[in-house]
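For ligands, and for the atoms within them, numbers begin at 1 and follow the listed sequence. The first residue in the sequence is number 1, and the count goes up from there.
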Amino acid sequence: MLRARLISRDRPEDLSLVLRRLNLSARNREHLTRELGYAHVLITGGRPSYEEELVPPYGSKEREKLPTWTPGGHLDHPGEVLLSGSRQQFDRLISLARKSPRTDGLARVLEEVLSPAPMPALTLSGRRFEWGTRTYLMGVVNVTPDSFSDGGRFPDASSAVEHALKLVDAGADILDVGGESTRPGSLPVSVDEELSRILQVVEGIKRRSTVPISVDTMKAAVAKEALKAGAHLINDVTGFHSDPALAGVVAAAGAACCLMHTQGMPKTMQQAPQYADVVGEVMDYLEEGMFQATEAGIPRERILVDPGIGFGKTLEHNLFLLRRLEELRGLGQPLLVGTSRKSFLGKLTGGKGPQERLAATLGSVAAMAVLGGADVVRVHDVAEARDALAVADAIRGARGGGDLYGG
Ligand code: 9MG
């Protein structure tokens, strides 16, 4: 699959601030930001012939007007190339590539990563999620007897509802109700069992709050009843790869979905996770799910994607994905990420158990927010995560460098 992956880019907001300090007009600032801003983009799945079709010979003046072209030496990945250059150089390459149907695909993927269209807001239960303004909070309501961090805490539906309402008071923007554990090693449950765990909880929350409700299920039959009971979003940890009827159920209800990546199913997923390119494979998987979703009639603006931290991944895979979330932005969808109390945090903090991972969870949440990586974070400890995000989001949005920077 042809893909442009943004490896790094100067932040246009930061360049523009420095140009403002130099007292340049807004028009000049915009022009210079394009000329000076630099990006590295990795092309995978491209044609080896792109170079001869698009790039003039070495030493020619025309070649200098395009990004530097560094092809990969891999025999088994012949279309890989790293493009490095200013925005102006990329613009020239894009207009050149657009001229022929043989290279038009390259122009399209480059535009997608370098000038991403703003993601339209999502409205759920009357609440607007305006992507890019802050990091939203999804509060976890597990109603499973064996969930890894809070399983068995709620003896009945009404105590789960009470807990859910506390999360809303603490600042949850959406709740995620789950009746089947996805903890590594866990076994599937029947549709009836899953429904008996979640339906009363969804109905109970609905009666007392207008908070948007997500239901974490991979089964179409469960999703159908949950949506009838008033859920607004289906969170499928298999990203529409396990039940072929699920996308149709979500589409028919006009609901939203979160498509998560996993390698394998919970029972065995942590046995020997392996990737040649974890970011690329996660993106391919999520894109397949997005295709199922849109084919079934779910509009793009109602699809969130999630790299599935801890689902068929080693510690190193998890960390690498978190560090490279910016590449996943190339999918053009809001990103939801769940790190809360997960075992990779225990490994990083000397073997702490799930209940002792709050500080580590907050560290991961803040890091993601500062790096601009997640639009929604899925957490157990909403009040604490809200404070961590208040700080991290403010650092990310900081523009007040003093009078010379425009205040
Ligand atoms: C149900 N569930 C457990 N962990 C999760 C995660 O990281 N993301 C999503 N979307 N769901 C999750």
In terms of atom number and element, which parts of ligand 1 are under 4.0 angstrom from non-hydrogen atoms of [X]?
X: Leu336; answer: 10 (N)
X: Gly338; answer: 7 (O)
X: Phe311; answer: 3 (C), 4 (N), 5 (C)
X: Cys258; answer: 10 (N)

Given [options], which has its nearest heavy atom closest to [atom]?
atom: atom 9 (C) of ligand 1; options: Thr339, Asp306, Thr262; result: Asp306
atom: atom 1 (C) of ligand 1; options: Asp216, Leu233, Val140; result: Asp216
atom: atom 11 (N) of ligand 1; options: Asn235, Val376, Val337; result: Asn235

Taking a cutoff of less than 4.0 Å between a non-hydrogen atom of the residue and any ligand atom, is Gly178 in contact with ligand 1? no

Say whether, by atom type as modelled, one donor and one acceptor occur between the side chain of [X] and the main chain of [Y] under 3.5 angstrom.
X: Glu281; Y: Ala276; result: yes
X: Ser16; Y: Pro12; result: no
X: Ser125; Y: Thr210; result: yes
X: His163; Y: Ala160; result: no

Query raised in the report: Hey, does Lys342 come in under 3.5 Å of ligand 1, counting only N/O atoms on both sides?
Result: yes

Taking atom types as modelled, is there a side-chain donor on [X] or [Y] under 3.5 Å from an acceptor on the other?
X: Ser100; Y: Glu53; answer: no
X: Thr339; Y: Arg357; answer: no
X: Asn142; Y: Thr144; answer: no

for atom 3 (C) of ligand 1, nearest protein heavy atom and its distance come out as Arg378 NH1, 3.3 Å

